[in-house]
Amino acid sequence: MDEATGSLPRLIAPGCVWTGGCMAASVSGMLAHYSCFLLMGSQRSILIDTGHPAHAEQVERDVVAALAGRPLDYIFPTHAELPHSGLLERWLSRWPQAVAVGDLRDWPLYLPHLTDRMRHVEGGETLDLGDRNFLFVPPVWRDLPDTLWGFDPTTRILFLSDACACFHPHTPGQSDHLSSEVAAPEVALMQDFNSKALHWPRFTDNAEGNAAMDALLARLDPAMLASAHGAVVDNWRDMLPLFKAGMARAA
Ligand SMILES: [Fe+2]
Ligand SMILES: [Fe+2]
């Protein structure tokens, strides 16, 4: 893993690059992440989320540099929202051999001219990257009906899209910091984010979701949690009670 420099990209595990960018959060003076992750197996590579269109140049620069001449093989929008899928058409054009993967049932309606470049998958299916099979994971704390998570069995990184967004007093110079390198996330800020990003946490106590999340984490035993909207989490066992509190209804 690379040391933190203050700005993205950052190599967070062998073959896994964290890129994207940050923008002003709804809380004054704070920045929010809009991350995506490049995972390179021995034979094939996958970009997990497309990045936000505002960060297209940075994402392209970082992905091209990391691939070092290799093609990008797969693009995995975790769900059909702008920060996660808004650059799909651009990347399919930039890498003409790449295939879009994910829950893509609606995408032939958005990009009908690219239907032959889409592979619809469901949770439990795997993708052969050469030295590993990337696993598509049914989400627990999900956003939309088409949300999918992913798990790399080699680095043991769980990619979970909008979930476990590790909000902290994030200022310029902390954009590539891991959860263990910044102050603990603030529950009130996570509740505010989750109520806006996922919507349903404002209506439920989420008890079933907590149990399902415990079971998933016990089964996969991840080393890190890679969320699109917060610090990459390298100490999730310490953070999990805070994430659960962040999913509870705000007082
Ligand atoms: Fe979302
Ligand atoms: Fe999101």
Side-chain angles (χ1 to χ4, degrees), residues 8 12 18-27 30-39 46-56 58-59 75-91 100-107 109-111 121-123 136-151 157-168 170 175-176 179 185-204 206 209 212-213 216 224-233 236 239 242-243 246-247 250:
L8 296 172
I12 56 172
W18 176 16
T19 180
C22 297
M23 285 190 275
S26 57
V27 179
M30 292 191 46
L31 296 175
H33 289 90
Y34 291 81
S35 303
C36 56
F37 301 90
L38 175 69
L39 180 67
I46 181 169
L47 181 63
I48 300 155
D49 276 331
T50 67
H52 192 290
H55 304 132
Q58 167 155 3
V59 172
I75 304 159
F76 171 29
T78 61
H79 59 293
E81 280 187 326
L82 190 72
H84 305 270
S85 61
L87 290 167
L88 180 58
E89 185 174 18
R90 178 163 170 158
W91 299 152
V101 292
D103 184 331
L104 303 179
R105 36 196 159 149
D106 290 340
W107 278 92
L109 299 172
Y110 302 144
L111 303 174
V121 299
E122 300 191 358
F136 294 96
V137 177
V140 178
W141 292 333
R142 71 176 181 182
D143 183 354
L144 299 177
D146 69 354
T147 300
L148 266 186
W149 291 354
F151 182 68
I157 300 175
L158 176 59
F159 301 91
L160 32 60
S161 192
D162 282 343
C164 299
C166 184
F167 269 74
H168 54 87
H170 167 201
S175 293
D176 69 337
S179 59
E186 297 179 19
V187 169
L189 296 181
M190 290 194 292
Q191 288 178 340
D192 179 66
F193 170 80
N194 290 328
S195 71
K196 290 169 178 164
L198 307 178
H199 301 290
W200 53 264
R202 66 182 78 179
F203 303 115
T204 173
N206 191 42
M213 198 67 188
L216 179 68
M224 283 193 273
L225 307 181
S227 161
H229 301 298
V232 167
V233 178
W236 66 262
M239 294 290 119
L242 294 174
F243 292 142
M247 293 297 294

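Positions are given from 1, in the same order as the sequence printed here. First listed ligand is number 1; within each ligand, the first listed atom is number 1.
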Restricting to N, O or S, what is the name of the atom of E81 that lies nearest the Fe ion (ligand 1)? OE1
Step by step, work out the ring-ring contact (aromatic ring centres under 6.0 Å, His included) result for F203 and W200. CA-CA 5 Å; F203 303 115; W200 53 264; 9.7 Å; no
Looking only at the aromatic ring of each residue, does the gap between the centers of H229 and H52 stay below 6.0 angstrom? no
Sole candidate of W18, F151, F37 that passes ring pair (Phe, Tyr, Trp, His ring centres under 6.0 Å) when paired with F159: F37
Suppose we only allow N, O or S atoms; which atom of D162 ends up nearest to the Fe ion (ligand 1)? OD2
D143 OD2 to H79 NE2 via the Fe ion (ligand 1), rounded to 10°, gives 90°
Quick one: does any side-chain atom of Q58 pair with a main-chain N or O of L8 as donor and acceptor, under 3.5 Å? yes
